[in-house]
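For reference, the structure is listed below as structure tokens.
Just so you know, these numbers use all the heavy atoms, side chains as well, and skip hydrogens, waters and symmetry mates. All of these numbers come straight from a predicted model, not from anything done at the bench.
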Amino acid sequence: MLDNLGNLQRTHSCGTLRVHDVGTTVTLMGWVSRRRDFGELTFIDLRDRDGITQVVLNSEDAPEAHAKAKEVRGEYVIAVTGEVTLRDESQRNAKLETGEVEVHARELLILNDARTLPFQLESATTDALASEDLRLKYRYLDLRRPQLQANLRLRHRVLREIRRYMDEQGFTEIETPILIKSTPEGARDYIVPSRVQPGKFFALPQSPQLFKQLCMIAGMDKYFQIARCFRDEDLRADRQPEFTQLDVEMSFATLDQIYSVTEGLFARVFKLIGVELPLPFPRFSFAEAMRRWGSDKPDLRIEGMELQDLSVELQQTNFAPYVSALAAGGEVKGIVVRGGAGLSRKALDDLQEFAKRYGVTGLAWIKLGDETTSSLLKALGEESVARLASTAGAQEGDAVLIVAGKTKPVAASLGALRNEVARREKLIPANVYAPLWVTEFPMFEYHEDDDRYYAMHHPFTSPLDEDLPLLERAVEGGETELLGRLRTKAYDPVINGVELASGSIRIHRRDVQRMVFKALGMTTEEARSRFGFFLDALEFGTPPHGGIAPGIERLLMVLLSTENIRDVMAFPKTASATDLMIDAPGEVDPKQLEELHLKIVDKK
RNA sequence: GGAGUCGUAGUUCAGUUGGUUAGAACGCCGGCCUGUCACGUCGGAGGUCGCGGGUUCGAAUCCCGUCGGCUCCGCCA
């Protein structure tokens, strides 16, 4: 039989009672975390979001409540009224915040029962949790775990701090529409059919990009929004189809102003976890970051292990794979693993397999142990190998890992190897936060498959002032190959190897915007049909403006040192973009389809 | 689109030359217990070995397909 709550009110939460509460009568409500039954004496660990309090039920003092406690099972919801008492010295529990006291129940109400849970919230023997699909199906149970509760509360505090800070800095929070129009470039859109306009579709925003620029044109001056964004692309450990960005845009802003607002924001947020970020963040151009770390988001917690160019050294040799890579305009580069001479054959094989994922054909190595060993010894000879190692900067006891090929895969593989080796060899210090800016991203990226240039950031990114003549020559003068050299006023703040935001100064001049569209192979008519409203807006006095958009989940992942984006969202989707709890996406009623003028052609 | 990996009681896992009745721990149910807090103790129930097909006298185990979770590459302006 269940009891009614009636007018009974909680006086405390389960995490708050302390020695100074001893002697008072309290009412607690929560979930039964554990029950320990000694016949005439029963203990219940009562849990709510704040913690756990031990409740004691004694057959002598409160026979009725004690009898009722026999019916109680795990995760039952109960209310307990009783007296707070001090525990004997020997009976205290240092693991509980409330462990110096306990509540002697006078009355117990069973507010609700519970089926046996499909999985144990916390495993008693190991910290092995139930499989993730099961936990996702019963996400509301998984969320009862104190760790996830703490994560969501930090998320709340971060969002609250962000709103405070942005307000202090004079920004206005403005909401923009969720039902907008599909834009062909960029990520795949989630689309929504229109019932009222047969055959037409809305798209969900990948970001409020154009709307925030329009807010600048509207004279709002400083805009922000904590905005949900939608991208129909394949997922990763740090990517979900819908995620949240702090979207920011400001008028008349210089690069330095945006850097400083952003750094101030991160500093404030990191204070929530007691971390003082070193300000200002060091800045590196994209070119320098790629050259030195093989990544546009280098993890600067890892000391050194920068990419070393070995091309010059190897040009002289007659080792065919390297000579031909160099002849084809490629590179040979390596990284030095301090103390890596001890790497086993198997470890090196593993690293080779790892490197191959990034499009290089092999991974050569040199180990400077008691004697020098190398996969290149036969091909190059002892002397060349020794010289190579010294060019790379390796010393006694180190190893050098070497890859060859086109510039991009070489950087990608070594950049990834740097992180992987550091992770495996435990070269990443704990509780260190290493921020930086990566700046001057290229404007365009050449795609071999369809022989054209694509905007690397988005087509509203402003080129560097000094590179504007290049754009003009490329577009008006037909020197298309110059597009690859064009640099932009785009910037990403990176902390611990995680790209935490992305932003740029935008194009505010219509002549420049037209040239960029043209460079992307868009005719005037195409540009008009896609972005006509925006090109119109640019004609009416657009202030210089720029902004940035930190990813809230990424930020929380760094704050909480978790690798899994699902740890920082309440209701995430699986790697195949489904929701196992609500079983979405799902089919819809044929009537709905008909109303929307849709027909399923092939269900497979 | 591609690759790797996992899928066995409610849960986490073990289970190899293919062979009797598929095990352990936790959880669950019942008994006992007045100071436990991962309580203890005695007893009990609980299995479509993800699903489908094949090979075989015989399949959790071998083969093919398929579904699902996770991770990575491509993708993510």
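Both distances falling under 3.5 Å, in either a Watson-Crick or a G-U wobble arrangement, place G43(B) opposite C29(B). Base pairing of U17(B): no nucleotide in any strand meets the Watson-Crick or G-U wobble criterion (both distances under 3.5 Å). Pair assignment for U66(B): G50(B), on the basis of Watson-Crick or G-U wobble contacts that are both within less than 3.5 Å. When Watson-Crick and G-U wobble pairs are counted only if both distances are under 3.5 Å, C76(B) pairs with no nucleotide at all.
Stacking between Phe119(A) and U11(B) is absent: the ring centroid is not both under 5.5 Å from the six-membered base ring centre and under 30° in plane angle.
With rounding to the nearest 0.5 Å, the separation of NZ in Lys181(A) from CZ in Phe533(A) is 7.0 Å. Atom CZ of residue Arg73(A) and atom CD of residue Glu75(A) lie 13.5 Å apart, to the nearest 0.5 angstrom.
Scanning atom types as modelled, one donor and one acceptor separated by under 3.5 angstrom connect the side chain of Arg87(A) and the base of C37(B). Between the side chain of Gln54(A) and the base of U36(B) there is at least one donor-acceptor pair of N/O atoms closer than 3.5 Å.
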Distances under 3.5 Å only, N/O to N/O: pair up the protein atoms with those of nucleotides 40-42 of chain B.
none

Every protein N/O lying under 3.5 Å from an N/O of nucleotides 70-74 of chain B:
{"from": "C70(B)", "atom 1": "OP1", "to": "Ala575(A)", "atom 2": "N", "distance (Å)": "3.2"}
{"from": "C70(B)", "atom 1": "OP2", "to": "Ala575(A)", "atom 2": "N", "distance (Å)": "2.7"}
{"from": "C70(B)", "atom 1": "O3'", "to": "Arg566(A)", "atom 2": "NH2", "distance (Å)": "3.1"}
{"from": "U71(B)", "atom 1": "OP1", "to": "Arg566(A)", "atom 2": "NH2", "distance (Å)": "3.1"}
{"from": "C72(B)", "atom 1": "OP2", "to": "Ala237(A)", "atom 2": "N", "distance (Å)": "3.1"}
{"from": "C72(B)", "atom 1": "O2'", "to": "Arg357(A)", "atom 2": "NH1", "distance (Å)": "2.8"}
{"from": "C73(B)", "atom 1": "OP2", "to": "Arg236(A)", "atom 2": "NE", "distance (Å)": "3.0"}
{"from": "C73(B)", "atom 1": "O2'", "to": "Arg357(A)", "atom 2": "O", "distance (Å)": "3.4"}
{"from": "G74(B)", "atom 1": "N7", "to": "Arg236(A)", "atom 2": "NH2", "distance (Å)": "2.7"}
{"from": "G74(B)", "atom 1": "O6", "to": "Arg236(A)", "atom 2": "NH1", "distance (Å)": "3.0"}
{"from": "G74(B)", "atom 1": "O6", "to": "Arg236(A)", "atom 2": "NH2", "distance (Å)": "3.2"}
{"from": "G74(B)", "atom 1": "N1", "to": "Asp234(A)", "atom 2": "OD2", "distance (Å)": "2.6"}
{"from": "G74(B)", "atom 1": "N2", "to": "Asp234(A)", "atom 2": "OD2", "distance (Å)": "3.2"}

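Here Lys297(A) does not pair with Glu499(A) in a salt bridge; the nearest charged N to carboxylate O distance is not below 4.0 Å. A salt bridge links Arg35(A) with Asp37(A): at least one charged nitrogen is closer than 4.0 Å to a carboxylate oxygen. Between Glu420(A) and Arg423(A), at least one side-chain N (NZ, or NE/NH1/NH2) sits under 4.0 Å from a carboxylate O, which counts as a salt bridge.
With both ends at atom P, the span from A60(B) to G7(B) equals 16 Å, rounded to whole Å. For the C1' atoms, the distance linking G10(B) with U56(B) amounts to 34 Å, nearest Å. Distance check on atom P: U66(B) versus G2(B) gives 10 Å, rounded to whole Å. Here, C28(B) and G47(B) have their C1' atoms 15 Å apart, quoted to the whole Å. Comparing C64(B) with C13(B), their P atoms are spaced 26 Å from each other, to the whole Å. Comparing the C1' positions of G65(B) and U55(B) gives a spacing of 15 Å, expressed to the nearest Å. Taking atom P on both U17(B) and C62(B), the two are 11 Å apart, rounded to the nearest angstrom. With C1' as the reference atom, A59(B) and G18(B) are 6 Å apart, rounded to whole Å.
Mapping Ser131(A) and Ser90(A) onto RNA chain B via the closest heavy atom, the residue that lands nearer the 5' end is Ser131(A).
Taking the ring centre of Phe38(A) as origin, the terminal cationic atom of Arg36(A) falls outside the region bounded by 6.0 Å and 45° from the ring axis.
At whole-Å resolution of the value, OH in Tyr138(A) and P in G69(B) are 16 Å apart. One interatomic measurement links the two molecules: CD of Glu233(A) to P of G1(B), which rounds to 12 Å at whole-angstrom precision. Here U11(B) presents its P atom at 16 Å from CD of Glu75(A), a figure rounded to the nearest Å. In this structure, Leu57(A) atom CG and C37(B) atom P are separated by 17 Å, rounded to whole Å. Note: CD (Gln91(A)) to P (U34(B)) measures 15 Å, nearest angstrom. Computed from coordinates, the Asp142(A) CG to U12(B) P distance equals 12 Å when rounded to whole Å. One atom, CZ of Arg73(A), and another, C1' of C29(B), lie 8 Å apart when rounded to the nearest Å. Taking atom CG of Leu121(A) as the reference point, atom C1' of C26(B) lies 13 Å away to the nearest angstrom.
Remark: side-chain polar atoms of Glu107(A) are not paired, donor with acceptor, to backbone N or O of Ala65(A) under 3.5 angstrom. In terms of modelled atom types and a separation under 3.5 Å, the side chain of Arg139(A) and the main chain of Ala570(A) share a donor-acceptor contact. Side chain of Asp48(A) to main chain of Cys14(A): a donor-acceptor pair is present (N/O by atom type, distance under 3.5 Å, no hydrogens or angles).
If you check residues 92-102 of chain A against RNA chain B, the residues with a heavy atom closer than 4.0 Å are Arg92(A), Asn93(A), Lys95(A), Glu102(A), listed by number.
Side-chain proximity of Asn58(A) to U11(B), U34(B), U36(B): nearest is U34(B). For Arg231(A), the side-chain atoms get nearest to C76(B) when compared with the rest of C39(B), G27(B), C76(B). With C39(B), U11(B), C76(B) as the choices, the nucleotide that has an atom nearest any side-chain atom of Arg34(A) turns out to be C39(B).
For Thr42(A) and C33(B), the shortest distance from a side-chain N or O to OP1 or OP2 is not below 4.0 Å. For the OP1/OP2 pair of G10(B) and a distance below 4.0 Å, the side-chain nitrogens and oxygens of Arg135(A) include no atom meeting the criterion. Note on Arg36(A): a side-chain N or O is less than 4.0 Å away from OP1 or OP2 of C39(B).
Side chains of Ser207(A) and Gln245(A): a donor-acceptor N/O pair is absent below 3.5 angstrom, by distance only. Residues Asp133(A) and Ser131(A) bring a donor and an acceptor atom of their side chains to less than 3.5 Å of each other. In this model, a donor atom of one side chain and an acceptor atom of the other lie less than 3.5 Å apart for Glu40(A) and Ser59(A).
Heavy atoms only, all atoms of each residue included: Asp21(A) and His12(A) are closest at OD1-NE2, 4.1 Å. Closest approach of Ala69(A) and Leu108(A) over heavy atoms only: CB-CD1, 4.2 Å.
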>> As a quick check of understanding, evaluate side chain to side chain contact (heavy atoms under 4.5 Å, CB included) for Phe286(A) and Asp492(A), giving each step before the final call.
In response: CA-CA 10 Å; Phe286(A) 172 85; Asp492(A) 289 357; over 6 Å; no
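Using a 4.0 Å heavy-atom cutoff across all strands shown, Glu60(A) reaches at least one base atom of the nucleic acid. Contacts of Ile52(A) with the nucleic acid, taken as non-hydrogen atoms under 4.0 Å apart, are absent.
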